[in-house]
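Here the structure is laid out as structure tokens; the discussion comes afterwards.
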Amino acid sequence: MKKIDFLLVYPRPTSDSPVKLTPLSILYPGAMFEAQGGRVAYFDERYDPPEMLDELIREAREIGVSAFTGFQVGRAARILKHAKRINPSIVTGVGGHHARILPNEVLAEPFVDKVWPERQYGEDLFPYSRDKRLLFARGDMQYFTSVGCPFPCTFCALSAPWSPKPIDDFDREMKIMHADLGFEEISFSDPNIGFGAWKGEDGKTQRMDRAQRIRDIGRVMRDLEVRWDGNIRSPYLTSEMVDVLEESNCFSIEIGCESGNDYFLRKVIKKGHGVEHIKAAARNVRGSGISIMYSFISGMPRENTGDAARYVRPDRLDQGYRSQRAHFSLSVCALSGQSDVPRRRRWCRWVFEIRAADDHGRMGQPQAHGVADLLDRWFELPHGQHAQKFSRQGLGTYRALRQTGSGEMAPPRRR
Ligand code: B12
Ligand code: SF4
């Protein structure tokens with residue numbers, strides 16, 4: 001009999017990123033399998049040696065890899081092929097955003113037996129225990145104060161009902177982990193840390209004041225003398241909120257600007273706010289003790305090369321962006337042809353927001369005609385309506401993609 005029921009693997013997410021956050025993507029599902037009585041083992045490709053993986057694979061009944069779209073999918077594919085080679089009876093599964101968004105394409109791969117299609121596994125459990133200390137201690141501490149985000153932004157994988165962790169649970173869990181791990185900084189990866197409305201157990205909508213929620217989180221963090229960073233929507237960054245964040249030991253905040261074009265923000269990606277909110281957020285943060293990361297996306301479908309350069313230039317948006325403490329992140333959409341995804345690595349070009357997806361594996365390649373359908377799915381548009389509706393946005397790349405129908409990328413149109 002095999003000694004391990006579930007071997008959970010976190011493949012390297014990028015080739016180069018200095019960010020090494022806690023692999024919560026496998027720790028929560030692991031907590032769930034353990035709660036069901038399963039014997040679980042973990043492997044984090046960023047730290048653990050390949051010989052250890054081989055040994056675990058030989059002992060495991062089932063292997064589940066986590067993967068989000070991009071480089072990590074390539075690593076996941078390699079690991080699963082390898083697992084089948086050295087233990088042909090092992091059951092192979094894939095979980096995470098990529099498998100959820102493209103379950104059929106992933107399942108079509110010969111080395112994949114099943115996908116885990118749900119958005120969450122075990123997130124109601126406390127994933128830390130002493131025997132998992134190493135898995136938490138060797139990277140940068142990451143945790144959540146809430147899950148989900150109810151906004152309908154068309155490009156985002158995180159859209160789901162919001163639910164805050166009760167503050168007493170958060171307090172207790174942070175204290176247990178801090179006592180064992182002694183971290184000084186933590187990254188909260190909540191999709192939307194300050195939303196404030198959710199459905200209670202009775203099905204009724206509950207509300208909380210978002211500034212008060214941040215104050216409550218801040219009380220816990222101040223007690224522990226831990227600084228934190230997180231993500232927030234621009235409209236929430238009022239001057240009151242900036243003061244509250246400062247008091248709450250927040251040292252850095254990221255806002256998803258995505259574009260400097262109101263038409264794109266409101267009509268195409270349905271961000272729920274316009275450029276004015278981003279400018280106001282920039283003004284409010286300026287001069288505070290908090291550093292800010294402005295995150296943009298370039299090369300979205302219906303945006304041509306000229307548009308991208310014009311709209312994401314931060315200095316055109318507001319002088320506040322020049323703050324010394326500001327950083328910028330620019331994700332390039334692989335569909336655009338501006339991305340640095342090498343042309344021959346075509347397996348991933350149809351997926352949104354890929355930078356440096358330079359791995360060798362492939363998983364979930366779309367079938368013929370898959371590209372157009374995928375785009376329609378991402379942008380939730382009735383089939384065939386986009387071309388007319390958005391013609392003034394520079395449709396070159398998108399049209400070319402639709403016409404090829406085979407998933408092959410035509411060169412971007414120049415204007
Ligand atoms: C941290 C992070 C990163 C880190 C990752 C490394 C790390 N861990 O340190 C870094 C900074 C490197 C990064 C980079 C990028 N990221 Co990122 N990142 C995140 C972030 C903020 C947190 C991920 C996380 O740990 N979540 C917590 C866990 C618990 O959630 P989860 O992974 O979804 O896992 C749950 C389920 O999916 C499922 N599950 C997952 N795996 C498995 C496996 C099995 C077997 C089972 C049963 C279940 C299961 O169970 C888990 C528990 O419920 C998410 C946003 C978010 N809040 O989730 C974006 C996110 C994952 N990133 C995203 C993107 C787009 C990127 C970039 C491509 C951006 C860019 N263009 O540069 C790059 C990738 C670069 C590349 N080379 O490919 C997208 C992915 C969308 C997609 N289609 O996959 C997300 C979802 C953000 C978004 N708004 O859409 N990112
Ligand atoms: S507000 Fe942010 S986290 Fe929420 S759906 Fe939009 S992009 Fe995603």
Side-chain angles (χ1 to χ4, degrees), residues 6-33 40 44 46 62-76 92-102 114-125 127 139-140 142-144 146-160 162 187-193 195 230-236 254-258 269-273 295-298 329-334 339-341 348 351-359 378:
F6 296 100
L7 167 58
L8 292 172
V9 176
Y10 191 73
R12 257 191 306 130
T14 67
S15 57
D16 58 347
S17 170
V19 186
K20 288 203 170 36
L21 297 169
T22 318
L24 294 173
S25 313
I26 55 169
L27 290 165
Y28 280 115
M32 183 188 77
F33 294 135
V40 182
D44 186 335
R46 296 171 298 179
E62 178 163 346
I63 178 172
V65 290
S66 181
F68 63 71
T69 307
F71 183 91
Q72 201 175 32
V73 171
R75 296 304 307 168
T92 54
V94 188
H97 295 291
H98 191 74
R100 181 172 56 76
I101 295 164
L102 300 165
K114 61 157 112 163
V115 294
W116 295 90
E118 303 299 327
R119 187 179 290 280
Q120 296 180 19
Y121 293 91
E123 288 189 13
D124 52 333
L125 300 168
D140 305 323
Q142 174 188 215
Y143 208 56
F144 281 79
S146 66
V147 294
C149 173
F151 283 85
C153 309
T154 49
F155 64 91
C156 179
L158 301 171
S159 185
W162 189 74
S187 189
F188 292 131
S189 296
D190 304 35
N192 188 347
I193 200 162
F195 182 63
N231 314 285
I232 208 162
R233 278 174 64 81
S234 322
Y236 301 174
E254 175 172 353
I255 55 175
C257 306
E258 329 303 2
I269 64 171
K270 300 197 168 49
K271 186 75 189 175
H273 66 71
S295 168
F296 287 90
I297 301 170
S298 158
S329 134
L330 183 62
S331 298
V332 178
C333 172
S339 128
D340 55 357
V341 178
C348 58
V351 185
F352 202 61
E353 265 207 13
I354 294 169
R355 186 198 56 183
D358 55 355
D359 200 81
W378 274 111

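Counting starts at 1 for both ligands and their atoms, in listed order. Because the structure is predicted, anything quoted here is derived from the model rather than measured.
One distance of note links CZ of Arg12 with CD of Gln72; it measures 10.5 Å at 0.5 Å rounding. The OG atom of Ser189 sits 7.5 Å away from the CG atom of Leu24 when rounded to the nearest 0.5 Å. Rounded to the nearest 0.5 Å, atoms CD1 (Ile26) and CG (Asp44) are 6.0 Å apart.
Every atom of ligand 2 is numbered from 1 in the order shown, and the set under 4.0 Å from a heavy atom of Pro191 is 3 (S). Within ligand 1, counting atoms from 1 as listed, the ones closer than 4.0 Å to a heavy atom of Leu24 are 29 (C). Shown in contact with Tyr10 at under 4.0 Å from a heavy atom are these atoms of ligand 1, numbered in order with element: 6 (C), 7 (C), 8 (N). Close approach to Lys271 involves these atoms of ligand 2, each under 4.0 Å from a residue heavy atom: 2 (Fe), 7 (S). Residue Leu8 approaches ligand 1 through these ligand atoms, each under 4.0 Å from one of its heavy atoms: 45 (C). Contact atoms of ligand 2 toward Cys149: 1 (S), 3 (S), 4 (Fe), 5 (S) (distance under 4.0 Å to a heavy atom of the residue). Taking every non-hydrogen atom of Cys153 and a distance limit under 4.0 Å, the qualifying atoms of ligand 2 come out as 1 (S), 5 (S), 6 (Fe), 7 (S). Shown in contact with Gln120 at under 4.0 Å from a heavy atom are these atoms of ligand 1, numbered in order with element: 53 (O).
Within the structure, the closest approach of Gly93 to ligand 1 does not fall below 4.0 Å when heavy atoms are considered. Assignment of Ile26 to the shell around ligand 1 is not supported, since no heavy atom sits closer than 4.0 Å. Using a non-hydrogen distance threshold of 4.0 Å, Glu118 does not register as a contact of ligand 1. Residue contact annotation: Arg119 has a non-hydrogen atom under 4.0 Å from ligand 1. Residue Pro13 places a heavy atom under 4.0 Å from ligand 1. Using a 4.0 angstrom heavy-atom cutoff, Phe144 counts as in contact with ligand 1. In this structure, Lys20 counts as a contact residue of ligand 1, since one of its heavy atoms falls inside 4.0 Å of the ligand. Residue Arg46 places a heavy atom under 4.0 Å from ligand 1. Heavy-atom distances between Val9 and ligand 1 stay at or above 4.0 Å for every pair.
With distances taken over non-hydrogen atoms, the option nearest atom 55 (C) of ligand 1 out of Leu158, Asp124, Leu7 is Leu158. Nearest residue to atom 1 (C) of ligand 1 from Leu27, Leu21, Val65 is Leu21 (criterion: closest heavy atom).
Between Phe33 and Phe6, the gap from one ring centroid to the other is short of 6.0 Å.
Scanning the protein heavy atoms around atom 1 (S) of ligand 2, the nearest turns out to be Arg233 NH1, 3.2 Å. For atom 5 (S) of ligand 2, the nearest non-hydrogen atom of the protein is Phe151 O, 3.4 Å.
Coordination check, Cys156 versus atom 8 (Fe) of ligand 2: passed, since an N/O/S atom of the residue sits under 2.8 Å.
Remark: side-chain polar atoms of Gln142 are paired, donor with acceptor, to backbone N or O of Thr22 under 3.5 angstrom.
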